[in-house]
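Remarks on the structure that follows.
Note that the coordinates shown come from a computational prediction; the quantities given were computed from them, not determined experimentally. Every chain is numbered from 1 and lettered A, B, ... according to where its sequence line falls, protein lines coming before strand lines.
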Number of protein chains: 2
Amino acid sequence: MRMTEQRRAIRSAFKGAGRPLSPTEVLDLAGEEVPQLNLTTVYRNLKGMVEREELVQVPVPGQAVRYELAGLDHHHHFLCEGCDRVFDVPGCPGSIQRLTPVGFETTAHEVTLVGRCRVCA
Amino acid sequence: MRMTEQRRAIRSAFKGAGRPLSPTEVLDLAGEEVPQLNLTTVYRNLKGMVEREELVQVPVPGQAVRYELAGLDHHHHFLCEGCDRVFDVPGCPGSIQRLTPVGFETTAHEVTLVGRCRVCA
DNA sequence: TTAATTGCAAATGGTTTGCATTGTT
DNA sequence: AACAATGCAAACCATTTGCAATTAA
């Protein structure tokens, strides 16, 4: 794993954003530092960073997958219908597991709030 | 809005399944009744049924959208990692709105449990 | 009869892959 | 030099659309 300019730019896009990013958002943000950045390269780097556990995927209902830095505390997400950006939401409504139907086994849960962010509200 | 054989079959696929269905699942299920059923027709009918509010979309994180009969009580969903089927989960952990960050407005929420269904567990 | 519905093929949008080229070490 | 990373074009997959043929009312 070599350290290239584009990889550096992709990393710092996540550091700077502080919220989950879509591949296109990564291209736009990192592309300011490295204008020749290619979308294919973004996809390949995101994939590699997930395999190396630097990033995790953030599946968003009805939307393209986002990515965020790995190792954050358990939290959930907010999808803004105005700007399509995704934000982290600290905390978790406990008592989610107890919804599990009899005979089923729950290993994870996704909670996504949908609405308007501070800017769009 | 004319009543065709294929539309009838699509309707009854939902009645019979009792769980959210993907377009492909609809094709498979309704295709048993109407073998010449075409995937394009399924997509067009699903879209029409959503506009007419007979169905609602069920966005599943990281997966293709599912559809289910409209008008059900508020509930959530369970995604089985074994068979990729989606099931309804009655109930709702209250206290979800209180996760909303200051300045944000929450208008809806999605909760998806992920794990193994009764058959796959 | 005639307007809605269908089927097929082609277009689309997001993501992935093959392969030759470039860049780090 | 050796091999990982990149760029481009083509392949993919799910979904949508154009258009001519079919069918319910």
Can you tell me how far [atom2] of [N] sits from [atom1] of [X], to the nearest Å?
{"X": "A:Gln57", "N": "C:dT16", "atom1": "CD", "atom2": "C1'", "answer": "13 Å"}
{"X": "B:Leu39", "N": "D:dT17", "atom1": "CG", "atom2": "C1'", "answer": "14 Å"}
{"X": "B:Leu46", "N": "D:dA14", "atom1": "CG", "atom2": "C1'", "answer": "13 Å"}
{"X": "B:Arg7", "N": "C:dG7", "atom1": "CZ", "atom2": "P", "answer": "12 Å"}
{"X": "A:Gln6", "N": "D:dA4", "atom1": "CD", "atom2": "C1'", "answer": "12 Å"}
{"X": "A:Asn38", "N": "C:dT16", "atom1": "CG", "atom2": "P", "answer": "14 Å"}

Strictly below 4.0 Å: does [X] bring a side-chain N or O up to OP1 or OP2 of [N]?
{"X": "A:Asn45", "N": "D:dA5", "answer": "no"}
{"X": "B:Lys47", "N": "C:dT5", "answer": "no"}
{"X": "B:Gln36", "N": "C:dT6", "answer": "no"}

Any Lys/Arg nitrogen of B:Arg11 or B:Glu54 sitting under 4.0 Å from an Asp/Glu carboxylate oxygen of the other? yes
If we count only N and O atoms by modelled type, under 3.5 Å, do the side chains of A:His77 and A:Glu110 hold a donor and an acceptor together? no
No-hydrogen, no-angle side-chain donor-acceptor test under 3.5 Å, B:Ser12 and B:Glu33: yes
Contact string for nucleotides 19-25 of chain C, one letter per nucleotide 5' to 3', B = base within protein heavy-atom range under 4.0 Å, S = sugar-phosphate only, - = neither, reads ----BB-
What I'd like to find out is whether the side chain of A:Leu46 reaches to under 4.5 Å of the side chain of A:Gln57, using heavy atoms alone. no
Take B:Met1 and A:Leu37, find for each the nucleotide of DNA chain D with the closest heavy atom, and name the residue whose nucleotide sits nearer the 5' end. A:Leu37
Among C:dT17, D:dG7, C:dT6, the nucleotide that comes nearest once only the side chain of A:Thr41 is considered: D:dG7
Restricting to pairs with a member in residues 112-121 of chain A, which pass side-chain hydrogen bond (donor to acceptor under 3.5 Å, both in side chains), not counting sequence neighbours? none
Would you say the ring centers of A:His74 and A:His109 fall short of 6.0 Å from each other? yes
Does A:Phe104 have its ring centroid less than 6.0 Å away from the ring centroid of B:Phe78? yes
